[in-house]
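Scroll down for the structure; my scribbles are underneath it.
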Number of protein chains: 2
Amino acid sequence: MQRTERLFALAEYLRGRRTGVTAETLAERFGVTVRTIYRDLDTLRAASMPVAAERGRGGGYALDRSYSLPPVNFTAREAALLVALGRFAIDMRLLPFTGTLESALDKVRAALSTSAQRELLDRLKELSFLGVPSLPSKASVRAAIERAWFEQQPLRITYVDGNFLETTREVRIVSVVMDRHETRLDALDVRSGERRHYRVDRIVQAEVTRAFGT
Amino acid sequence: MQRTERLFALAEYLRGRRTGVTAETLAERFGVTVRTIYRDLDTLRAASMPVAAERGRGGGYALDRSYSLPPVNFTAREAALLVALGRFAIDMRLLPFTGTLESALDKVRAALSTSAQRELLDRLKELSFLGVPSLPSKASVRAAIERAWFEQQPLRITYVDGNFLETTREVRIVSVVMDRHETRLDALDVRSGERRHYRVDRIVQAEVTRAFGT
DNA sequence: TCACGGGTGTCAGCGGTATGTCAGTTATCA
DNA sequence: TGATAACTGACATACCGCTGACACCCGTGA
């Protein structure tokens with residue numbers, strides 16, 4: 001497909017540049033009109049590619065440097081399989097990090113948009129996963145854990161133990177353990193140094209301390 | 001016969017190409033009109049050959065396997081999560097389609113490893129999944145199932161039932177059911193029309209019949 | 001000889017996708 | 001303020017898969 005090729009080349013081209021490029025330049029470079037370039041850039045943005053635009057004199061397009069993973073191009077099957085697996089993981093609460101996973105799946109799904117591939121997404125419904133879902137936990141708690149884990153920041157949690165005693169403590173996550181029925185934090189208590197497991201479903205509140213990046 | 005000869009040549013031609021071909025091009029290539037090409041492609045599809053079509057400008061025909069999508073641009077976190085999830089699915093034998101999944105993960109991992117956030121790959125080891133793996137099955141069987149499922153082709157399986165009786169039959173896969181400990185094929189026996197489940201770990205041999213696509 | 005059916009060509013039309021054209025609007029900077 | 005450049009919407013056009021209808025050719029068998 002001619003267009004897909006150009007999209008990929010466009011992504012590569014933007015990625016390889018440090019300075020901004022005008023749509024005019026891109027149009028000449030790829031042999032299409034400016035309007036098409038705008039549409040292409042819209043498509044890339046729809047696929048969550050971080051293209052930034054500067055208006056006015058000296059402006060142009062550039063990729064946001066902080067998200068500089070090279071683009072991945074899947075085959076339709078690979079993409080479809082990832083969507084199926086991800087959906088399963090979310091349904092079964094396999095991963096506590098549903099937010100990030102969901103956004104990743106959205107991107108993959110967006111790439112699978114043309115007519116021939118919609119049928120493939122339908123066929124995925126024939127892939128059934130069975131199994132016992134893990135215990136539910138609060139979305140806000142999961143989001144905080146996700147951030148703390150990725151950014152390696154301490155976390156303040158309010159925890160209810162087996163005797164229904166509610167305590168608040170600050171911990172550092174050592175690892176996240178996903179078992180069949182529950183997800184646990186293997187964590188170090190900042191104050192006492194004690195290391196133990198905390199069941200995520202028993203954490204009633206969590207917030208990242210030292211909130212740097214929003 | 002002239003027609004069947006062309007049919008096989010057509011299949012061969014499509015297989016050898018990576019980019020799409022328009023019916024117009026195929027018509028010139030084989031010295032027939034476009035209408036005949038459409039009829040031929042219908043015939044190939046009826047024989048379960050995975051020919052995919054893209055409409056509109058820049059469209060054309062291609063085989064399913066060589067289908068490429070618009071680029072997907074993950075953040076490092078998303079990529080890391082997908083890799084972790086995929087590795088888990090493979091380890092736990094969650095999906096029988098390890099071939100396709102593995103190649104998808106390779107692409108994600110490759111994108112991640114060229115980025116500044118490569119260390120995320122190491123940190124993934126702190127994400128532990130626990131659980132009882134499902135019963136093992138032969139890689140060759142899984143590969144055949146994967147192909148049969150994606151291409152919707154019949155499958156000839158040699159199956160060992162609960163009484164250690166070995167039978168060979170041809171089935172059409174209706175759906176694939178992934179349960180906790182086992183993966184089953186929900187399939188229709190081509191000859192008898194009987195519908196039942198087959199445990200993948202009990203299939204000792206499997207091959208795709210009507211092998212157009214290899 | 002004639003009827004029949006499979007394979008093919010011709011044509012018209014439908015629907016979907018990508019691109020171009022054009023006329024604007026908005027934001028930024030010298 | 002004027003130049004620059006990102007954006008938007010509307011419309012036209014070319015491209016392309018897909019379907020149905022009909023006519024034609026040709027081999028086969030009654």
Side-chain angles (χ1 to χ4, degrees), chain A residues 1-11 13-14 17-47 49-64 76 110-122, chain B residues 1-11 13-14 17-47 49-64 66-71:
Chain A
M1 192 160 153
Q2 199 64 40
R3 178 159 186 262
T4 309
E5 271 172 50
R6 193 183 57 239
L7 283 177
F8 200 81
L10 197 55
Y13 184 81
L14 285 178
R17 288 190 59 111
R18 312 218 88 211
T19 65
V21 208
T22 67
E24 181 68 37
T25 310
L26 291 172
E28 284 167 19
R29 168 78 174 68
F30 291 102
V32 290
T33 58
V34 195
R35 189 65 181 89
T36 299
I37 291 294
Y38 286 136
R39 279 192 271 246
D40 283 356
L41 290 169
D42 275 349
T43 305
L44 290 182
R45 276 197 263 250
M49 186 159 303
V51 304
E54 286 287 322
R55 290 185 155 186
R57 195 188 184 100
Y61 292 96
L63 279 191
D64 189 338
L112 267 179
S113 58
T114 49
S115 56
Q117 297 143 1
R118 277 192 275 270
E119 156 222 357
L120 198 55
L121 279 179
D122 285 342
Chain B
M1 243 203 245
Q2 193 66 36
R3 181 171 142 87
T4 41
E5 200 178 315
R6 192 183 58 237
L7 243 40
F8 276 96
L10 198 54
Y13 185 79
L14 284 179
R17 289 191 57 112
R18 304 216 77 207
T19 65
V21 210
T22 66
E24 180 70 36
T25 309
L26 291 173
E28 284 168 17
R29 170 76 176 69
F30 291 101
V32 290
T33 58
V34 196
R35 190 64 181 90
T36 299
I37 292 294
Y38 286 136
R39 282 192 268 248
D40 284 356
L41 289 169
D42 276 349
T43 306
L44 288 182
R45 274 198 266 248
M49 195 172 155
V51 302
E54 274 303 314
R55 291 187 155 192
R57 194 180 180 128
Y61 291 95
L63 287 191
D64 260 0
S66 58
Y67 223 78
S68 93
L69 272 56

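We name chains A, B, ... by the order of the sequence lines, and we start the count at 1 in each one.
A donor-acceptor contact shorter than 3.5 Å is absent between the side chain of A:Arg6 and the backbone of A:Phe30.
Between B:Tyr61 and D:dC18 there is a side-chain polar atom (N or O) within less than 4.0 angstrom of OP1 or OP2. Distances shorter than 4.0 Å separate some side-chain N or O of A:Thr36 from OP1 or OP2 on C:dG20.
Distance, B:Leu14 CG to D:dG17 P: 12 Å, rounded to whole Å. A:Leu26 has its CG atom 12 Å from the P atom of D:dC7, to the nearest Å. The CD atom of B:Glu24 sits 14 Å away from the C1' atom of D:dA14 (whole-angstrom rounding). Spacing between atom CD1 of B:Ile37 and atom C1' of C:dT10 amounts to 16 Å, rounded to whole angstrom units. Atom CG of B:Asp42 and atom C1' of D:dG17 are 11 Å apart (whole Å). In this entry the distance linking CZ of A:Arg39 with P of C:dT21 reads 11 Å, nearest Å. With rounding to whole Å, B:Asp40 atom CG is found 16 Å from C:dG6 atom P. Spacing between atom CG of A:Leu41 and atom P of D:dA6 amounts to 9 Å, rounded to whole angstrom units.
B:Leu26 places a side-chain heavy atom less than 4.5 Å from the side chain of B:Tyr13. The closest side-chain heavy-atom distance from B:Leu41 to B:Leu10 is below 4.5 Å. In this structure, A:Leu44 and B:Pro71 have side chains that are in contact, with non-hydrogen atoms separated by less than 4.5 Å.
DNA chain D is contacted by both A:Arg45 and A:Arg57; A:Arg57 maps to the nucleotide lying nearer its 5′ end (nearest heavy atom per residue). The residue among A:Val34 and B:Val34 whose nearest nucleotide of DNA chain C is located toward the 5' end is B:Val34.
At a cut-off of 3.5 angstrom, the base of D:dT4 holds no donor-acceptor pair with the side chain of A:Arg55. Residue-to-nucleotide contacts include a donor-acceptor pair under 3.5 Å from the side chain of A:Arg35 to the base of D:dG9.
A:Glu54 comes within contact range of the sugar-phosphate backbone alone, with a heavy-atom separation under 4.0 Å but no base atom that close. Residue A:Val32 is classed as a sugar-phosphate contact, given heavy-atom separations below 4.0 Å to backbone atoms only.
Listed nucleotides: D:dA6, C:dT8, C:dG9. Nearest to the side chain of B:Arg6: C:dT8. Considering only the side chain of A:Tyr38, D:dT8 comes nearest among C:dT19, D:dT8, C:dT10. Considering only the side chain of A:Arg3, C:dA18 comes nearest among D:dG17, C:dG20, C:dA18.
Defined by atom type and a distance below 3.5 Å, a donor-acceptor pair is present between the side-chain atoms of A:Thr43 and A:Arg3.
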